[in-house]
Amino acid sequence: MNSTRKIAVFTGVIFIIATVAPMLASSLVPDLTGADNLTPLSAPTNQVAAGVLLMLIGYFACAGTAVVMYTVLKERNAGLAIGSVVFRTIETAFYVVGLVSLQSLLTLGQQFTTAGAADRTSLQAIGNLLVSVRDNAALVAVFAFCLGAFMYYYLFFQSRLIPRWLSGFGIVAIILMMVACVLALFSGNRITSYIPLAAPIFLQEMVLAVWLIVKGFNPSVIASKYGKSETNELLSVA
């Protein structure tokens with residue numbers, strides 16, 4: 001297995017981790033949408049800790065997808081390749097901000113159960129603020145994801161490193177995801193309120209992951225790149 005094939009397989013695996021780990025984590029962390037969102041967090045359990053760990057793994061994997069693909073994509077357009085790394089790193093950074101808010105909510109939840117009635121009001125206000133920070137950080141993270149992902153899907157479409165039906169699917173799905181972000185921004189709703197607009201990119205990334213693991217990048221495109229490099233080296237020697 002050559003290095004490009006290994007990169008394709010590794011990228012596919014990271015795509016799966018970046019998608020599946022946060023989904024599993026969301027089933028382990030209590031719902032924070034209700035008015036009384038501190039009580040469910042009052043008793044920290046191993047289940048919640050496992051959820052936080054899965055989120056952390058998934059968020060770092062988000063940046064990892066662009067980092068791993070950089071070696072291949074920079075040969076087609078170095079600017080867009082580094083741009084995708086930058087925006088997916090920003091995505092991870094804001095997801096981590098949201099995770100820190102969640103950890104703070106866990107601490108606040110423990111204080112909430114032992115506090116008197118007067119203190120509970122102020123603790124609940126702080127809790128609502130932390131929930132808002134978490135939601136807004138998630139929205140900014142998804143905006144950054146859309147920009148970073150659009151860059152590498154455009155490169156995929158332009159270079160034919162993967163089939164155009166798959167990269168075109170990615171571009172359309174990312175546009176739908178961006179629409180969801182704009183709607184969430186102007187409505188004040190959570191980004192998770194727009195599941196139908198987010199579903200296509202979930203499906204596309206799973207198909208892309210399997211494609212990269214099974215098929216890899218287009219070998220003829222990779223070969224043409226190395227062919228050009230060898231020709232340039234011969235011309236420079238001559």
Side-chain angles (χ1 to χ4, degrees), residues 11 14-27 29 31-34 37 51 54-67 69-70 73 77 79-102 105 128-158 166-209:
T11 302
I14 296 179
F15 261 117
I16 292 173
I17 293 172
T19 303
V20 174
M23 288 182 63
L24 292 175
S26 63
S27 65
V29 175
D31 182 24
L32 302 177
T33 55
N37 48 30
L54 281 172
M55 286 181 186
L56 202 56
I57 292 171
Y59 297 158
F60 283 125
C62 290
T65 53
V67 171
M69 289 191 294
Y70 175 75
L73 295 180
N77 187 316
L80 288 178
I82 192 65
S84 67
V85 172
V86 168
F87 279 108
R88 295 227 60 178
T89 302
I90 292 173
E91 173 196 357
T92 293
F94 275 92
Y95 276 140
V96 171
V97 169
L99 196 57
V100 171
S101 298
L102 176 61
L105 281 164
N128 292 340
L129 178 63
L130 288 171
V131 171
S132 176
V133 169
R134 184 170 182 248
D135 291 343
N136 287 319
L139 179 58
V140 175
V142 179
F143 263 119
F145 159 69
C146 291
L147 292 173
F150 184 85
M151 289 178 182
Y152 56 70
Y153 280 121
Y154 174 76
L155 275 179
F156 280 148
F157 189 83
Q158 188 183 47
L166 186 52
S167 55
F169 182 12
I171 290 171
V172 172
I174 280 297
I175 291 172
L176 291 175
M177 190 73 242
M178 183 65 82
V179 170
C181 289
V182 173
L183 290 174
L185 178 65
F186 282 92
S187 68
N189 294 329
R190 296 183 174 188
I191 186 65
T192 51
S193 303
Y194 301 94
I195 297 297
L197 291 173
I201 192 60
F202 164 77
L203 175 62
Q204 194 279 341
E205 289 203 336
M206 291 301 92
V207 175
L208 173 62

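None of these values were measured; they are calculated from a predicted model. The analysis underlying the following values was restricted to heavy atoms, covering all of them including side chains, and did not include hydrogens, waters or symmetry mates. We're numbering straight along the sequence, starting at 1.
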For this session: Please say whether more than 12 non-hydrogen atoms of neighbouring residues, nucleotides or ligands are located less than 6.0 Å from CZ in Phe169.
Result: yes

Exercise. Under the side-chain contact (heavy atoms from CB on, under 4.5 Å) test, which residues partner Ala149, sequence neighbours left out?
Worked result: Phe145, Tyr152, Tyr153, Ile174

Problem set entry | From Leu24 atom CG to Thr19 atom OG1, the distance as rounded to the nearest 0.5 Å | 11.0 Å

Exercise. At their closest point, which heavy atom of Pro200 faces which heavy atom of Pro196, and how far apart are they?
Worked result: CD-O, 3.2 Å

Exercise. What heavy-atom pair brings Met151 and Gly83 nearest, and what distance separates the two atoms?
Worked result: SD-C, 3.4 Å

Seminar exercise, completed: In short, Ala25 meets Leu54 closest at the heavy-atom pair CB-CB, 3.7 Å

Just distance, no hydrogens or angles: give the donor-acceptor pairs under 3.5 Å from side chains in residues 178-185, sequence neighbours left out.
none

Exercise. Out of curiosity, Tyr95 OH to Leu56 CG, how far, rounded to the nearest 0.5 Å?
Worked result: 13.5 Å

Exercise. Which distance, rounded to the nearest 0.5 Å, do you find between the CG of Leu166 and the CD1 of Ile171?
Worked result: 10.5 Å

Exercise. Looking at SG of Cys146 and CZ of Phe87, how far apart are the two atoms once the value is rounded to the nearest 0.5 Å?
Worked result: 11.5 Å

Exercise. What pair of heavy atoms forms the shortest contact from Ile201 to Gly170, and how long is it?
Worked result: CD1-O, 4.3 Å

Exercise. CZ of Phe60: more than 12 outside heavy atoms within 6.0 angstrom?
Worked result: no

Exercise. Which distance, rounded to the nearest 0.5 Å, do you find between the CG of Leu105 and the CG of Asn128?
Worked result: 9.0 Å

Problem set entry | Where at least one partner belongs to residues 128-154, residue pairs that pass salt bridge (Lys or Arg N to Asp or Glu O under 4.0 Å), sequence neighbours excluded | Asp135-Arg190

Problem set entry | Nearest heavy-atom neighbours spanning Cys62 and Ala18 | N-CB, 3.9 Å

Exercise. Less than 4.5 Å apart, any side-chain heavy atom of Glu205 and any of Thr65?
Worked result: no

Exercise. Of all heavy-atom pairs between Glu91 and Ala141, which one has the smallest distance, and what is that distance?
Worked result: CG-O, 3.3 Å

Seminar exercise, completed: Here the gap from Leu155 atom CG to Phe150 atom CZ, rounded to the nearest 0.5 Å, amounts to 10.0 Å

